[in-house]
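Okay, so here's the structure we're looking at.
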Amino acid sequence: MAKFETLVAIAAPMEQRDINTDAVIPGRFLRRKREEGFGDCLFRDLRFHEDGSENDAFVLNQPAFRDAKVIVANENFGCGSSRESAVFALHDYGIRCVIAPSFGDIFHNNCFKNGLLPIVLPEAEVAELRAQAGTMQGAPFAIDLAAQTVTGVDGVIRRFEVDPFRKRLLLQGMDEIDFTLGFEDKIAAFEAAR
Amino acid sequence: MARPLTLFEKIWVPHEVHRDEDGQSLLYVDRHFIHDGSRTAYKQLADRGLGVRRPDLTFASPDHYVPTTSRDFADVDGEDRKDMVSSLTRNTAASGVTEYGLTDDRHGIVHVMGPEQGLSLPGMLILCGDSHTSTHGAVGALAFGIGASEVAHVLATQALWQRKPKTMRVMIEGELAEGVSGKDVVLALVAQIGVNGATGHVIEYAGSTMEALSVEGRLTICNMSIEAGARAGMVAPDEATFAYLKDRPHAPKGEEWDAAVARWRGLATDPGAIFDREVFLDAAAIEPMVTWGNRPSEAVPVTAAVPDVASVEDPAQRRVLQAALDYMGLKAGMRLTDVPVDYVFIGSCTNGRIEDFRAAASVLLGRHVAPGVKAIAVPGSGLVRLQAEAEGLDRIFIEAGFEWRYSGCSMCLAVNGDTVPAGKRSASTSNRNFVGRQGPEARTHLVSPATAAATAIAGRFADHRTLGG
Ligand code: SF4
C-alpha cells in the first residue's frame with residue numbers, strides 16, 4: 001500500500017456539505033477496471049458539462065487549483081455509497097488528503113487503504129482553512145502525519161487526531177491483508193473455539 | 001450485577017479475535033455477501049496469490065448489473081457489464097463460494113436474498129461491500145457496509161479491523177396511522193436527524209412501534225440507516241423475528257433451532273444499558289412521506305408543499321437547497337400533489353419484498369396507471385417474484401399498466417441500463433435521491449410502495465389513503 005508521511009501541496013476549497021460518493025464518481029463509471037484508472041471521472045458531473053467541456057466554475061478547473069493535492073471540504077464528505085472507486089478517483093486524479101469536519105464512515109475507512117489521508121478537524125478550523133485555501137491561492141498547505149499537524153497558509157500549526165492503528169499502517173505503507181495474515185493463529189484458534 | 005449491555009455490545013464483544021494496543025478490534029465475520037461489484041476485490045486476492053479463506057461463509061448473487069427484462073445472460077447490456085457478471089460466476093466457482101446466479105430462483109439483491117434464505121441470523125456479524133448492508137441488522141445482527149479493499153481483506157482472512165463505533169438508540173413510540181409504512185418512518189427519521197445525524201454510530205431501533213412492525217418493515221428501516229450516516233442499524237430479535245426465520249433454508253433446524261432461539265432471546269439490550277445518544281420519534285405524527293430534494297433528509301408529507309428555502313438563514317445551506325430545487329425543477333410552495341411524474345419504480349433492497357408488492361397491489365387493484373407514466377415493478381429476488389405470482393399480484397400490476405420484471409437492483413442505481421432519462425421525474429421506492437442517481441439529470445423522489453402506486457395512478461404525487469377513482 002502507498003505510504004503517507006508528509007505532503008506540501010495546494011489545497012482546493014469545497015464548501016458544500018454532504019458531498020456524496022455518487023457526486024465524487026457517478027455510478028455509470030463503476031464498471032471500469034481498477035487498472036484503467038478513475039482520475040478522469042472524479043467529480044465528473046460537477047467538473048464537466050454534458051458535452052464534455054470543462055465547467056470553469058468548478059474549483060479544480062480554476063488555474064490556481066489545477067495542481068491541488070488537498071481538498072478542504074465540509075461536513076459529511078464522502079457520505080452515501082461504499083464505492084471505493086470514489087477514493088480511487090481522488091487518488092488517480094492526484095488528491096492525497098481531504099480535510100473535513102466529518103466524513104462518511106465507509107469513505108473514511110476506504111481512504112486509508114489507498115494511501116489517502118482523511119483529516120478531521122473542528123468545523124471552525126476547517127472553515128478557516130477553507131477560507132485560506134480560497135483567498136491565498138497558490139500558497140501550499142503542509143501536512144505531517146507523524147506529527148499529526150496541518151499548517152495552513154497562515155503558518156499556524158493545527159494538530160489533528162488520527163486513529164493510531166491507521167496512522168501506523170499508513171506511515172509504514174503496510175499492506176493490511178499481509179498484516180492480518182500475521183494473526184492467522186489467533187483467527188484459527190477463534191474459529192476452533194466456536 | 002454485571003454492567004447492563006446493549007444489543008450491539010452483546011454482538012461486538014464475542015466477535016473480537018484480537019484487540020490491538022491502539023484500540024482497533026479484529027472482528028470475526030460470520031457471513032459475507034458478495035455481488036457483481038466484487039471483481040476488484042478478487043483481483044486484489046489474485047495479485048497476492050491468496051484464496052478465499054471461508055467460502056462456506058460467503059454467498060454471492062449478481063444484482064447490480066443484471067437485466068430485469070429477462071434472465072438471459074446474453075441480455076446483460078454490453079461487454080463491460082457482462083464481464084462484471086461473468087467474473088462473479090467465474091470467481092465464485094473457482095473459490096468454492098455459492099452463487100445464486102441469474103437463472104436461480106434464489107437470485108436477488110443480496111440484502112433481500114440474505115434474510116430470505118436465513119443466511120442472516122440474530123447475533124451474527126454480517127458484512128458486504130455495499131452501504132445498505134445495514135438492512136440485515138433488522139433480524140438482530142450487526143451488519144455494515146465495507147469498501148472493495150475490505151472485501152478483499154474479509155475474503156482472505158474472514159476478519160476485519162474496526163474501531164468500536166458509538167451507539168444511538170432511536171425510540172419510536174406509538175401507533176402508526178393506517179397506511180403509514182416503515183419507509184415513511186425512516187424518511188421521517190432521516191428528515192429529523194439529518195443525513196449526518198448518526199455518523200459514527202450504530203443505531204438500535206426500539207420502542208412499541210418497532211415491536212409492532214413486521215420484520216420486513218424493520219428491514220426497510222434498517223436499510224436506510226446509512227442515509228442518516230449510521231454505520232449500522234439493528235433491532236433486537238423477538239418472536240416476530242423467530243417466526244420470520246424459522247424453516248428458512250439456512251436457519252438452524254430441530255434441536256439446533258431451539259437452542260439458537262434460547263440464545264437469541266438473550267441478545268436484547270439490558271434494562272439500564274447506556275447509549276451514547278438517544279433520539280425519540282413520535283410514530284403517530286408520521287404521514288406518507290416524499291422527498292423533494294437531493295438528500296434523503298429533504299422529505300415532507302405527501303400532502304405538504306415544497307418548502308420555502310429562502311427563509312433558511314445559513315447562506316451556504318440556502319444555496320445548496322436552492323440548487324436542489326433547481327435540479328429537481330421545483331418551486332417553493334408547489335404542492336407535491338400537483339407535481340406530475342414520468343416514471344414510477346417499485347423495487348430495490350429498501351422496498352423489494354413481498355409486503356411491499358402487496359401494499360402497492362392493494363392500491364393498484366382495479367385501477368390503471370395514468371397516461372404517459374412508465375411504471376416498473378422489480379421484485380427484490382426471484383422468490384419474491386414467485387411468491388407475488390402465486391398470490392396473483394403480478395396480474396394486478398400488469399393489468400394496472402406496470403411492467404412486471406425480474407429481480408435485481410434495476411432503477412435504484414441504474415447501472416444495469418434501467419435509467420430515468422435526463423429531466424424526467426421519478427417516484428421511486430429506493431433509498432437515494434442524489435443528483436444523477438437514476439441517470440444523469442434524472443429527478444428522483446423517494447416514496448413508499450403504496451405512495452408509488454398511488455402516484456402512478458394519479459400521474460402526480462398522491463396520498464394513497466385518499467386516492468379517488
Ligand atoms: S437495490 Fe440499490 S441500494 Fe440496494 S444494493 Fe442494489 S443498488 Fe444498492
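These numbers come from a predicted model, not from an experiment. Reckoned from all heavy atoms, side chains included, excluding hydrogens, waters and symmetry mates.
For B:Tyr65, the part sitting under 4.5 Å from any heavy atom of chain A is the side chain, from C-beta outward, and nothing else. Contact annotation for A:Arg166: only side-chain heavy atoms (C-beta onward) come within less than 4.5 Å of a heavy atom of chain B. Heavy-atom distances place both the backbone and the side chain of A:Lys33 under 4.5 Å from chain B. Looking at A:Glu176, the atoms closer than 4.5 Å to chain B (heavy atoms on both sides) sit in the backbone and in the side chain alike. With a threshold of 4.5 angstrom between heavy atoms, B:Pro14 approaches chain A through N, CA, C or O but not through any side-chain atom. With a 4.5 angstrom heavy-atom cutoff, A:Asp175 touches chain B only via side-chain atoms. Residue A:Phe107 does not touch chain B at all, counting heavy-atom pairs closer than 4.5 Å. Using a 4.5 Å cut-off between heavy atoms, A:Ser81 touches chain B through backbone and side chain atoms alike. If you measure heavy-atom distances from B:Glu79 to chain A, you find no contacts under 4.5 Å at all. Within the 4.5 angstrom heavy-atom criterion, only side-chain atoms of B:Ile226, from C-beta onward, approach chain A. With a 4.5 angstrom heavy-atom cutoff, B:Asn196 touches chain A via backbone and side-chain atoms both. For B:Ala152, the parts sitting under 4.5 Å from any heavy atom of chain A are the backbone and the side chain alike. The part of B:Asp83 that comes within reach of chain A is its side chain, from C-beta onward, which places non-hydrogen atoms under 4.5 angstrom from that chain.
The two residues A:Gly80 and B:Arg432 have their closest heavy-atom pair at C-NH2, 3.1 Å. Closest approach of B:Val415 to A:Arg31, counting heavy atoms only: O-NH1, 4.2 Å. B:Val320 and A:Gln16 make their closest contact through CG2-CG, 3.8 Å (heavy atoms, listed as atom of the first residue, atom of the second, distance). Heavy atoms only, all atoms of each residue included: B:Ala159 and A:Ile187 are closest at CB-CD1, 4.2 Å. Pairing each heavy atom of A:Asn110 with each of B:Gly147, the nearest pair is OD1-CA, 3.2 Å. Between B:Arg163 and A:Pro164, the shortest heavy-atom distance links the atoms NH2-CD, 3.9 Å.
Residues A:Arg83 and B:Leu413 have side chains in contact (heavy-atom distance under 4.5 Å, counting atoms from C-beta outward). A 4.5 Å side-chain heavy-atom check between B:Val435 and A:Asp45 finds every atom pair outside the cut-off.
For CD of B:Glu21, the number of neighbouring non-hydrogen atoms (other residues, nucleotides, ligands) closer than 6.0 Å is greater than 12. Environment of NZ in B:Lys166: sparse, with no more than 12 heavy atoms of neighbouring residues, nucleotides or ligands closer than 6.0 Å. Taking a 6.0 Å sphere around CD of A:Glu35, one finds it holds more than 12 heavy atoms contributed by other residues, nucleotides or ligands. More than 12 heavy atoms of other residues, nucleotides or ligands lie within 6.0 Å of CG in A:Asn55, so this atom counts as buried by the packing criterion.
Atom CZ of B:Arg48 and atom CG of A:Leu181 lie 9.0 Å apart (nearest 0.5 Å). The CG atom of B:Asp130 sits 8.0 Å away from the CD1 atom of A:Ile106 when rounded to the nearest 0.5 Å. Taken to the nearest 0.5 Å, the OG1 atom of A:Thr21 stands 7.0 Å off from the CZ atom of B:Phe434. A:Glu191 CD to B:Gln158 CD: the interatomic distance, rounded to the nearest 0.5 Å, is 7.0 Å. A:Asn76 contributes atom CG, which lies 4.5 Å from atom OG1 of B:Thr199 (distance to the nearest 0.5 angstrom). A distance of 5.5 Å separates CG of A:Asp105 from CZ of B:Arg231, quoted to the nearest 0.5 Å.
The greatest number of non-hydrogen atom pairs below 4.5 Å with chain A, out of B:Gly436, B:Gly229, B:Gly200, B:Ala156, is found for B:Gly200. Among the candidates A:Asp178, A:Leu30, A:Asn20, the residue making the largest number of heavy-atom pairs closer than 4.5 Å to chain B is A:Asn20.
The backbone N or O of B:Ser149 lies less than 3.5 Å from a partner atom in the side chain of A:Glu84, making a donor-acceptor pair. Under the 3.5 Å distance criterion, the side-chain polar atoms of B:Gln24 are left unmatched by any main-chain donor or acceptor of A:Phe165.
Between A:Arg34 and B:Asp47, no side-chain nitrogen of the basic residue sits less than 4.0 Å from a carboxylate oxygen of the acidic one, so the salt-bridge criterion is not met. A salt bridge links B:Asp30 to A:Arg194: one of the charged nitrogens lies within less than 4.0 Å of a carboxylate oxygen.
Among B:Glu150, B:His153, B:Gln44, the one residue that satisfies the side-chain contact (heavy atoms from CB on, under 4.5 Å) test with A:Lys113 is B:Glu150.
Ring orientation note: the planes of A:Phe183 and B:His18 are tilted relative to one another, at an angle of 30° to 60°.
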